[in-house]
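A short worksheet on the structure shown next.
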Amino acid sequence: DTGVSQNPRHKITKRGQNVTFRCDPISEHNRLYWYRQTLGQGPEFLTYFQNEAQLEKSRLLSDRFSAERPKGSFSTLEIQRTEQGDSAMYLCASSLNREARTGELFFGEGSRLTVL
Amino acid sequence: RKEVEQDPGPFNVPEGATVAFNCTYSNSASQSFFWYRQDCRKEPKLLMSVYSSGNEDGRFTAQLNRASQYISLLIRDSKLSDSATYLCVVNIGGSSASKIIFGSGTRLSIRP
């Protein structure tokens, strides 16, 4: 399967714990995006990378959230000291430069986080 | 004001009907515009891009009005399989940037 892969698919954690999600984009894609989606809402932009550079981070994101893409390939999204409000689906998407301009993002199936 | 705003619906229309969705965006520097479709419990997928002159893809027609910062999607002769959430998407970055923002989505349900 050469699509976008996300792990784990589901994560249940207790409030206050740290969690980390991983995203493996389509191999030749240089842009990688993280979004958060809750029920009845569209994907909410969190951050995006071009290669290993993090180009923008949402102001909605607290300091508890951090994302990395160390070698310009896979990416991780870490949430520290989780809160119940962090419960959501975390979506990763990737694209090539020119396809990002044309808007075609390829999404993974998402990582669902439940904070108890 | 949200960067991309849509009527959440739901729209519930009979098979064969024509239905239209609207979307507004706040950043006048936005470069490109799209409609995505998201099925229940699935990831979003690109439906079509929206060009300044308007564009059509089969039963789907997209329009852009830059002066009013308004985007629309028209679905003709709707099918049961068109039931989904339709997401208005805007690239608010410049030509070298690419911050892609999604609206909250409009739910469409087609009834037999």
Side-chain angles (χ1 to χ4, degrees), chain A residues 1 3-6 9-10 21 23-26 29-51 53-61 67 88-112, chain B residues 2-10 21 23-27 30-52 55 57 62 64 71 73 84-109:
Chain A
D1 188 347
V4 177
S5 175
Q6 292 189 244
R9 294 289 311 281
H10 299 94
F21 300 118
C23 173
D24 288 90
I26 294 171
H29 284 185
N30 58 347
R31 295 203 176 196
L32 187 148
Y33 297 77
W34 284 101
Y35 291 87
R36 175 172 64 188
Q37 188 172 28
T38 54
L39 192 64
Q41 298 297 312
E44 176 187 14
F45 174 83
L46 296 180
T47 188
Y48 86 100
F49 294 83
Q50 178 161 317
N51 300 313
Q54 187 173 19
L55 296 187
E56 189 153 351
K57 183 176 175 180
S58 170
R59 287 171 291 179
L60 299 173
L61 227 54
M89 178 72 83
Y90 289 84
L91 293 165
C92 175
S94 70
S95 71
L96 283 172
N97 248 13
R98 60 177 174 81
E99 286 169 347
R101 292 177 61 191
T102 61
E104 184 148 27
L105 301 183
F106 295 83
F107 280 87
E109 293 181 301
S111 293
R112 181 171 295 284
Chain B
K2 286 186 177 180
E3 291 171 300
V4 180
E5 293 204 65
Q6 294 182 247
D7 181 342
F21 306 137
C23 167
T24 57
Y25 59 95
S26 61
N27 189 331
S30 297
Q31 293 289 315
S32 42
F33 312 89
F34 320 93
W35 286 99
Y36 272 66
R37 169 186 170 136
Q38 186 171 25
D39 292 304
C40 189
R41 300 185 185 277
K42 296 287 189 180
E43 69 275 19
K45 292 186 179 177
L46 179 67
L47 177 66
M48 61 194 301
S49 299
V50 186
Y51 302 122
S52 297
N55 50 297
D57 182 0
L64 167 64
I71 306 158
L73 176 68
T85 295
Y86 290 83
L87 298 160
C88 177
V89 182
V90 177
N91 181 348
I92 67 171
S95 58
S96 61
S98 196
K99 184 178 177 182
I100 298 178
I101 303 297
F102 286 72
S104 57
T106 300
R107 284 196 296 131
L108 173 65
S109 179

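Sequence lines set the chain letters: A, B, ... in the order given, protein chains first and strands last, and positions in each chain run from 1.
- Ring orientation note: the planes of A:Tyr90 and A:Phe21 are close to parallel, at an angle under 30° on the 30°/60° scale.
- Interface residue B:Gln38: only side-chain heavy atoms are found under 4.5 Å from chain A.
- The main-chain N or O of B:Asp7 is found under 3.5 Å from a side-chain atom of B:Thr106 such that the two form a donor-acceptor pair.
- The candidate from B:Ser104, B:Cys88, B:Gly105 with the greatest count of non-hydrogen atom pairs under 4.5 Å with chain A is B:Ser104.
- In this structure, no portion of A:Glu44 lies under 4.5 Å from any heavy atom of chain B.
- For A:Glu56, the part lying near chain B is the side chain, with the backbone staying farther off; criterion is any non-hydrogen pair under 4.5 Å.
- Ring centers of B:Phe102 and A:Tyr35: under 6.0 Å apart, within the cut-off.
- You'll find the side chain of B:Tyr36 stays beyond 4.5 Å of the side chain of B:Leu47, heavy atoms only.
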